[in-house]
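Below is one structure; the comments refer to it alone.
All chains are named by letter (A, B, ...) in the order of the sequence lines, taking the proteins before the strands, and each is independently numbered beginning at 1. Scope of the values below: all heavy atoms of this structure, side chains included, with no hydrogens, waters or symmetry mates.
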Amino acid sequence: DVKVTQSSRYLVKRTGEKVFLECVQDMDHENMFWYRQDPGLGLRLIYFSYDVKMKEKGDIPEGYSVSREKKERFSLILESASTNQTSMYLCASGSVRVGQEQYFGPGTRLTVT
Amino acid sequence: QKEVEQNSGPLSVPEGAIASLNCTYSDRGSQSFFWYRQYSGKSPELIMSIYSNGDKEDGRFTAQLNKASQYVSLLIRDSQPSDSATYLCAVNMGRDDKIIFGKGTRLHILP
């Protein structure tokens, strides 16, 4: 079974803090993705990566950065957290070897106060 | 603008009946199509993938794809209360490995 894990299920941070969200997959997938999901707005792609050290902006990259130093690990960084970044953050991995299917981690519910 | 459209619902279906969920997409060159189920507070779970025109069956689920009409659907036979969830349609539009997600249809199975 594909397994995607995320470092925290729930996280509470203060405005201005730097926040790290970690994601690890164990299926040797080359592609990894970070989304946020908000009521009424659906899933929105923040960043994605096709390979180690590669990154591509998604639809809403502002205020975020990412790091992919190893194939199995993809980190999302909020440089200076703001209240409008309160959301559910979902990591996914996928591969052309499985028809570009994406498999999601359990999600991190981030609250910024 | 690449789009995937779904009726937000809620769609209410009696237990034991067939639930029919529909999705349209904007890019005629789309290659891969997916249905995800998402329970409240949980992450999306892939339940069906379909890549060619026609029907694909897996247990109580059938995905139907009509590329000419740019339409994909999911049928759930013998609906159970545990099928109550939001169903997300997702489409890979062929130019890269990104998937475009619809906003989902809330399905409510009435006991």
Whatever's closer than 4.5 Å to a heavy atom in chain B on Arg9(A) counts as side chain

Pair Phe33(A) + Phe104(A): ring centers closer than 6.0 Å: no

Bottom line for Ile100(B): the part with an atom under 4.5 Å from chain A's heavy atoms is neither

Decide side chain to side chain donor-acceptor pair (under 3.5 Å) for Ser73(B) and Asn22(B); before the verdict, give the C-alpha distance in whole Å, the side-chain angles of both, and the deciding distance to 0.1 Å.
CA-CA 4 Å; Ser73(B) 63; Asn22(B) 304 314; 4.6 Å; no

Cut-off 4.5 Å, heavy atoms of chain B, and the answer for Gln37(A) is side chain

Regarding Ser49(B) and Glu101(A), do their side chains bring together a donor and an acceptor under 3.5 Å, going by distance alone?
yes

Heaviest contributor of heavy-atom pairs below 4.5 Å to chain B, chosen from Leu41(A), Asn31(A), Asp59(A), Leu45(A), is Asn31(A)

The complete set of disulfide bond (SG atoms under 2.5 Å apart) pairs with one or both residues in residues 34-63 of chain B, sequence neighbours excluded, reads none

Exercise. Establish, from distance only, whether the side-chain atoms of His29(A) and Ser93(A) form a donor-acceptor pair under 3.5 Å.
Key: yes

When rounded to the nearest 0.5 Å, the distance separating CD1 of Ile76(B) from CG of Asp83(B) is 5.0 Å

Show, in sequence, the C-alpha distance, side-chain angles and deciding distance for Ser79(B) and Glu15(B), and conclude whether the side chain to side chain donor-acceptor pair (under 3.5 Å) test is met.
CA-CA 5 Å; Ser79(B) 297; Glu15(B) 183 175 356; over 6 Å; no

Expected contact set for residues 102-111 of chain B against chain A at heavy-atom separation under 4.5 Å reads Lys103(B)

Cut-off 4.5 Å, heavy atoms of chain A, and the answer for Leu46(B) is side chain

Taking a cut-off of under 4.5 angstrom between non-hydrogen atoms, the residues of residues 63-86 of chain A near chain B are none

### Task
Walk me through it: do Gln64(B) and Asn66(B) pass the test side chain to side chain donor-acceptor pair (under 3.5 Å)?
CA-CA 7 Å; Gln64(B) 299 176 317; Asn66(B) 184 326; over 6 Å; no

- Is a salt bridge present between Asp58(B) and Lys56(B), judged by a nitrogen-to-oxygen distance below 4.0 Å? no

Practice task
Check whether any side-chain N or O of Ser49(A) sits under 3.5 Å from a backbone N or O of Lys55(A) as a donor-acceptor pair, and report yes or no.
Solution key: no

- [ ] Verify whether one side chain among Thr24(B) and Gln70(B) offers a donor that lies under 3.5 Å from an acceptor in the other.
- [x] no

Is it true that a side-chain atom of Gln102(A) and a backbone atom of Lys98(B) form a donor plus acceptor pair closer than 3.5 Å? no

Between the CD atom in Glu3(B) and the CE atom in Met93(B), the distance rounded to the nearest 0.5 Å is 8.5 Å

- Message: Checking Thr62(B) against Asp55(B): is there a side-chain donor and acceptor pair closer than 3.5 Å?
- Response: no

Q. Is Gln25(A) reaching over with its side chain to a backbone N or O of Met27(A), donor-acceptor style, under 3.5 angstrom?
A. yes

Among residues 32-45 of chain B, residues within the sub-4.5 Å heavy-atom range of chain A, in order of number, are Ser32(B), Phe34(B), Tyr36(B), Gln38(B), Gly41(B), Ser43(B), Pro44(B)

